[in-house]
Every structure is written in structure tokens, then in C-alpha cells.
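Scroll down for the structure; my scribbles are underneath it.
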Amino acid sequence: MSEQEETLYDMLGERDGIMALANAFYDEMEKLEPVLTSHHDTDDEGNITNETRDRFGLFLVGWCGGPQDYMARFGHPRLRMRHMNVPIDTEMRDAWLRCMTAAMDAQGVDGLARDFLDQRFAQVADFLRNTPG
């Protein structure tokens, strides 16, 4: 497969690589952003649940061009609707981006994939803001 034909899904290591990125994201969130962590389902130890991790991982798999298992299980992502119950201001947006940046660093995401994801994650995170500030 030539570099021109390689998809984002391929560049990130397909399903396993993307699921690892989702887990690294939540690991970083638990370490760096307790307020952001508190907006997620957690287990008795305060860790974000495997169900939450898997759901986000499936979303990322489909979003990156892989199988659409998220859509088959949960329907259209409707990101704004699914996030309306969480007040997202610039501080929360930036906290989310810090976690994803740290996760991509930890997973060694670089090159074209990193360039695309840095830009696209910033756009989506800003799009989800629903509270002034």
C-alpha cells in the first residue's frame, strides 16, 4: 500500500492502535484533569469505566475511516446533542485537548496523522463549546 493510499485508520494502527489511543486519552485525563474526569462514568476507584473507554474508541475507529461499529451499536454520534448536558467552555475544551495531545504523544502519533488530528480535534473541541467563557 502506498503512502498516498494509506488511510488515517491505517496510520493509527487500525482498531488496536485507535483503541490504545482512546485508553491513553482517558489515562491522561485521570492524571491531568480531575474536573474533566468527573464528567465521565467512573468505577469505585475513580477510574473512567471500560464502557466509556470502549465507546469512545469505537467512535474514533469509525471517525478515522475504520469499521462503523459505533454507528451500528449507538446510532449517529450527534456530538453536540450527546454533550449538551456537560457545560463546555474554553477551559473544558482546552483540558480535553491537553489530554488528547498527551495521549497522542504517549502513543507516538506523528507525521501526517498527527498534523490532521491536531487540527481536526481542535476544530471539533471548539465546535462542542456550549457555555460562554
Side-chain angles (χ1 to χ4, degrees):
M1 172 179 280
S2 75
E3 193 171 342
Q4 295 165 336
E5 295 172 343
E6 194 173 35
T7 66
L8 184 59
Y9 178 71
D10 298 322
M11 287 185 259
L12 294 174
E14 299 180 343
R15 180 185 168 86
D16 289 345
I18 293 170
M19 295 302 282
L21 177 62
N23 278 305
F25 167 72
Y26 287 117
D27 291 345
E28 295 297 335
M29 186 182 295
E30 290 169 355
K31 286 190 287 191
L32 302 172
E33 302 292 344
V35 172
L36 190 55
T37 299
S38 73
H39 287 282
H40 294 80
D41 291 334
T42 56
D43 61 21
D44 292 339
E45 288 84 42
N47 298 315
I48 295 169
T49 63
N50 289 334
E51 179 179 279
T52 297
R53 291 165 178 263
D54 290 345
R55 187 174 178 141
F56 182 58
L58 287 178
F59 166 76
L60 285 180
V61 165
W63 188 73
C64 291
Q68 297 298 312
D69 297 338
Y70 179 94
M71 293 269 287
R73 287 183 61 193
F74 304 109
H76 190 282
R78 292 183 171 76
L79 292 177
R80 285 186 70 100
M81 181 195 76
R82 292 184 195 265
H83 290 83
M84 281 308 232
N85 63 327
V86 178
I88 303 171
D89 58 10
T90 55
E91 187 174 324
M92 290 291 281
R93 175 202 65 196
D94 293 348
W96 192 97
L97 288 169
R98 282 191 296 274
C99 295
M100 185 53 76
T101 296
M104 289 191 293
D105 289 346
Q107 293 298 302
V109 177
D110 59 7
L112 295 173
R114 182 59 177 261
D115 293 344
F116 175 81
L117 290 174
D118 281 340
Q119 179 182 20
R120 194 69 178 109
F121 282 142
Q123 290 170 339
V124 173
D126 196 57
F127 170 75
L128 291 176
R129 284 189 311 131
N130 58 20
T131 301

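- Checked against salt bridge (Lys or Arg N to Asp or Glu O under 4.0 Å), Arg80 has no partners two or more places apart in sequence or in another chain.
- Partners of Asp118 according to the salt bridge (Lys or Arg N to Asp or Glu O under 4.0 Å) rule, which considers only residues two or more places apart in sequence or in another chain, are Arg114.
- Among residues at least two apart or in separate chains, there is no salt bridge (Lys or Arg N to Asp or Glu O under 4.0 Å) pair with a member in residues 83-92.
- For Arg129, the salt bridge (Lys or Arg N to Asp or Glu O under 4.0 Å) test picks out Asp126, with sequence neighbours left out.
- With sequence neighbours left out, the ring pair (Phe, Tyr, Trp, His ring centres under 6.0 Å) criterion links His40 to Tyr26.
- Residues forming a side-chain hydrogen bond (donor to acceptor under 3.5 Å, both in side chains) with Thr90 (at least two apart in sequence, or on another chain): none.
- The ring pair (Phe, Tyr, Trp, His ring centres under 6.0 Å) search around Phe121 returns Trp63, Trp96, not counting sequence neighbours.
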Enumerate donor-acceptor pairs with a distance under 3.5 Å from any side-chain N or O in residues 70-79 to protein atoms, sequence neighbours excluded.
from	atom 1	to	atom 2	distance (Å)
Tyr70	OH	Arg82	NE	3.4
His76	ND1	Arg78	N	2.9

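- Looking at residues two or more places apart in sequence or on another chain, you find no salt bridge (Lys or Arg N to Asp or Glu O under 4.0 Å) involving Asp16.
- Applying the side-chain hydrogen bond (donor to acceptor under 3.5 Å, both in side chains) rule to Glu30 yields the partners Arg53; only residues at least two apart in sequence or on another chain are considered.
- Qualifying side-chain hydrogen bond (donor to acceptor under 3.5 Å, both in side chains) partners for Gln119, counting only residues two or more places apart in sequence or in other chains: none.
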Next item on the list: Please report the C-alpha distance between Leu12 and Leu60 in whole Å, then the side-chain angles of each, then the deciding distance to 0.1 Å, and finally whether the side chain to side chain contact (heavy atoms under 4.5 Å, CB included) criterion is met.
Entry: CA-CA 10 Å; Leu12 294 174; Leu60 285 180; over 6 Å; no
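- Residues satisfying the side-chain hydrogen bond (donor to acceptor under 3.5 Å, both in side chains) criterion with Thr42, sequence neighbours excluded, are absent altogether.
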